[in-house]
Structure formats: C-alpha cells, structure tokens
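Encoded as structure tokens, the structure appears first; notes follow it.
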Amino acid sequence: MPASSAWFTLRWAGRAVEMLDQRRLPSEESYLRLESVEEVARAIESLAVRGAPAIGCAAALGVAQAAVTSDASGVAELRADLDAAIARLARTRPTAVNLFWALERMREVIATAASQPGASAEAVRERVVTAACSLVDEDVRICRELGREGAALVPDRARILTHCNAGALATAGYGTALGVVRAAVEAGRSVSVLADETRPFLQGARLTAWELQRDGIPVTVITDNMAGHLMAREEIDLVIVGADRIAANGDTANKIGTYGVAVLAREHGIPFYVAAPLSTIDLATPTGAQIPIEERGRSEVAQIGDRVLVPEDVPVRHPAFDVTPARLVTAIVTEAGVARTPFGQSLAALVDRQRIGST
Ligand code: MRU
C-alpha cells in the first residue's frame with residue numbers, strides 16, 4: 001500500500017489492535033478495535049483479517065494485546081498468560097505458516113526478555129509490544145523488497161492473472177503478488193490485472209479489485225471458470241499468486257483454485273509465478289502432501305450472504321486451500337531473490353543466505 005493511501009490493514013493503537021474489517025469490503029470501509037487476545041483470535045478465524053503475512057502480523061499484535069491486558073505482576077505469571085495467548089492464536093488457522101513463524105518469533109522475544117538479569121513484568125511487556133510493532137513494519141519493508149525482485153519478471157503491457165488476494169490487504173501493506181504488480185507499475189510499466197473472483201469467499205472480487213482500484217491500477221474481475229477461455233485466446237501473459245505455505249520442495253499451498261490455474265497456465269505455456277516472503281517457506285515440511293489444509297464451514301460454500309444456494313442436507317466440500325506441485329511453478333519470488341527449479345536447492349540457498357545475513 002503506498003504511504004499516501006488513506007487506509008491501513010492493521011496496526012497497534014496504544015493498548016488495542018486496529019484492523020480494517022475485510023468481511024465488509026467493498027461496500028463498507030470500517031475498522032475494528034480489538035481489546036483482547038480472544039477478539040484478535042476471532043478476527044483471524046472469521047477472516048476479518050486474512051492473507052498469510054497479515055495473519056502472522058495480527059497474531060504478533062495479539063500477543064502484544066495479551067501482554068498489555070494481563071494483570072500479572074511477576075515475570076513467571078506474565079509468561080504463563082502469554083503462553084496461553086500464543087496457544088489460543090495458534091489454533092486459529094492451520095495452513096498459513098506465517099502464523100506459526102510469527103508466534104515463534106514472539107516466543108523467542110519473550111524468553112530473551114524474561115531471562116535478562118533483574119527482568120520485570122513491565123520490561124517484558126514493553127519488549128513484546130516493540131517486537132510485535134517491528135514485525136509489522138518489517139512486513140511492509142519485505143513486501144517492497146520482494147516487489148522489486150519480482151518486477152523484472154513483468155514485461156511492459158503485461159496482462160496479469162491473479163487468484164485470491166495477495167495484496168496490501170493480505171500483508172501489513174504493499175502485498176506480495178500485488179506487490180510485484182505495484183513495483184512493476186512504479187518501474188514505469190503499464191500493466192493490467194485480471195482478478196479471479198475466488199469462490200467461495202470472493203477475496204478476488206471483493207478485495208483485490210478494491211485495493212487495485214484504490215491505487216488506480218487497471219483491474220477486471222472474472223469468474224474462476226473464465227481463466228482457461230482467456231488463456232486460450234491469448235489474453236493472459238502471466239500468472240502471479242501468493243502462498244500460504246511453501247514446502248521444502250517448492251510445492252505451494254494457496255487459496256483453493258490456485259492448482260487449477262497452474263494446470264491451465266502450463267497447458268497454455270504461460271509463466272506461473274508465486275510471490276511470498278521467506279517466512280512462508282517451511283523447510284521443515286518436505287512436500288505439499290504434509291501441508292495441513294484448512295476446512296472451513298458449510299455456509300461459505302452453501303450460502304452467499306444470507307442467500308442459501310444448496311439444498312439443505314446436500315453435503316458440500318469446503319477445503320480452503322490446495323497445493324500446486326512445484327513442477328507447475330515457473331519461479332518463486334522472495335525478498336532475497338527469485339528461486340527457480342530445482343526448488344529443493346534454490347529455496348534452501350535463499351533461506352541460508354538470509355540466515356547468514358542476519359547473524
Ligand atoms: O483464506 P485467506 O483469504 O487467508 O487466503 C489467502 C490466500 O490464499 C493468499 O493468496 C495467501 O495467503 C497469500 S497472501 C500474501
């Protein structure tokens with residue numbers, strides 16, 4: 001999101017977490033003010049905030065919220081409250097690894113602050129809030145770096161297909177897949193975006209269209225079943241999507257429907273790019289088969305708003321994500337560079353390079 005935009009995805013507001021309520025977009029732009037860790041957890045579960053990096057940021061702010069609301073006077077007591085908050089937040093959504101990455105970072109911060117000589121509950125609280133705010137700021141910086149890395153893959157006049165929302169709304173700002181689009185625009189390229197509507201929750205129609213329109217980037221919404229037709233007519237030059245978790249071999253979990261788009265792209269010889277921060281790469285998960293896939297409630301598929309679309313008692317399926325096999329991915333764009341096949345080696349090298357750079 002450019003600094004000039006008048007909206008924000010989420011932020012720390014003194015003693016509360018504020019976030020744009022994405023369930024109400026595009027018809028209403030309203031902000032939630034969350035004053036307990038339980039409220040933050042429910043906002044994540046109900047998709048008021050969503051998108052892998054934004055979920056991680058929200059969880060970190062949730063830990064900060066737990067720190068300021070805890071009435072613990074001693075370090076041990078405060079740590080117990082924070083452990084409970086982390087456990088609650090970890091139960092919100094299973095697929096986006098950024099959630100667990102952010103909670104692990106917060107756990108390390110708490111452990112380090114608590115082990116300082118003469119540590120007090122107040123000092124630990126302060127450290128937790130500072131760390132959560134830095135994680136949010138860092139997310140925007142990483143998205144901008146990732147965008148710059150990816151912009152070179154986007155030719156002038158490119159017609160870009162994206163699925164779901166991997167934009168400023170899915171991060172602390174700027175976006176991953178849409179960060180690449182924004183960086184290409186900032187580099188002077190004229191591009192246009194086709195946004196899959198993204199059934200069942202319509203993140204493409206509601207969110208991608210909303211934020212690109214706010215930035216004046218040309219966007220057209222299509223239903224998910226139109227992509228093949230438009231590829232066959234040579235109206236799509238490349239695909240860029242985000243990711244919720246990338247396994248060590250490059251298999252990529254992202255919003256349900258992404259796999260189908262990747263198969264179509266391969267059939268039509270169109271590059272299929274994944275844009276994600278290194279925090280989305282999960283080297284501890286060898287392949288996509290081990291990635292937990294979230295199942296959401298019946299109503300997301302069987303209803304649109306209050307309108308029931310499926311006869312009562314007819315079962316529906318509702319996996320929220322699918323896995324695109326690495327062989328269908330042309331390249332993975334991260335803030336540390338662009339990984340290409342064989343991803344087992346290239347992803348590990350990028351993660352290593354970052355680890356060495358940060359020590
Ligand atoms: O269920 P959601 O809306 O959280 O799913 C989001 C996606 O699948 C995004 O593409 C992904 O998290 C990447 S966000 C930069």
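Everything numeric here is computed off the predicted structure, so don't read it as measured data. Counting starts at 1 for both ligands and their atoms, following the listed order. Residue indices begin at 1 and follow the sequence shown.
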May I ask you to decide whether Glu122 forms a salt bridge with Arg125, counting only side-chain N to carboxylate O separations under 4.0 Å?
yes

Listed partners of Arg296 passing salt bridge (Lys or Arg N to Asp or Glu O under 4.0 Å), at least two apart
Glu294, Glu300

Residues forming a salt bridge (Lys or Arg N to Asp or Glu O under 4.0 Å) with Arg50, sequence neighbours excluded
none

Kindly tell me which protein residues have any non-hydrogen atom under 4.0 angstrom away from an atom of ligand 1, grouped by chain and ordered by number?
Arg50, Gly51, Ala52, Pro53, Arg93, Cys164, Asn165, Ala166, Ala170, Thr176, Gln203, Gly242, Ala243, Asp244, Asn254, Lys255, Phe321

What residues, two or more places apart in sequence or in another chain, satisfy side-chain hydrogen bond (donor to acceptor under 3.5 Å, both in side chains) together with Thr324?
none

Are Asn254 and Thr252 linked by a side-chain donor-acceptor pair shorter than 3.5 Å?
no

Answer with yes or no whether the side chains of Asp251 and Thr287 bring together a donor and an acceptor at under 3.5 Å.
no

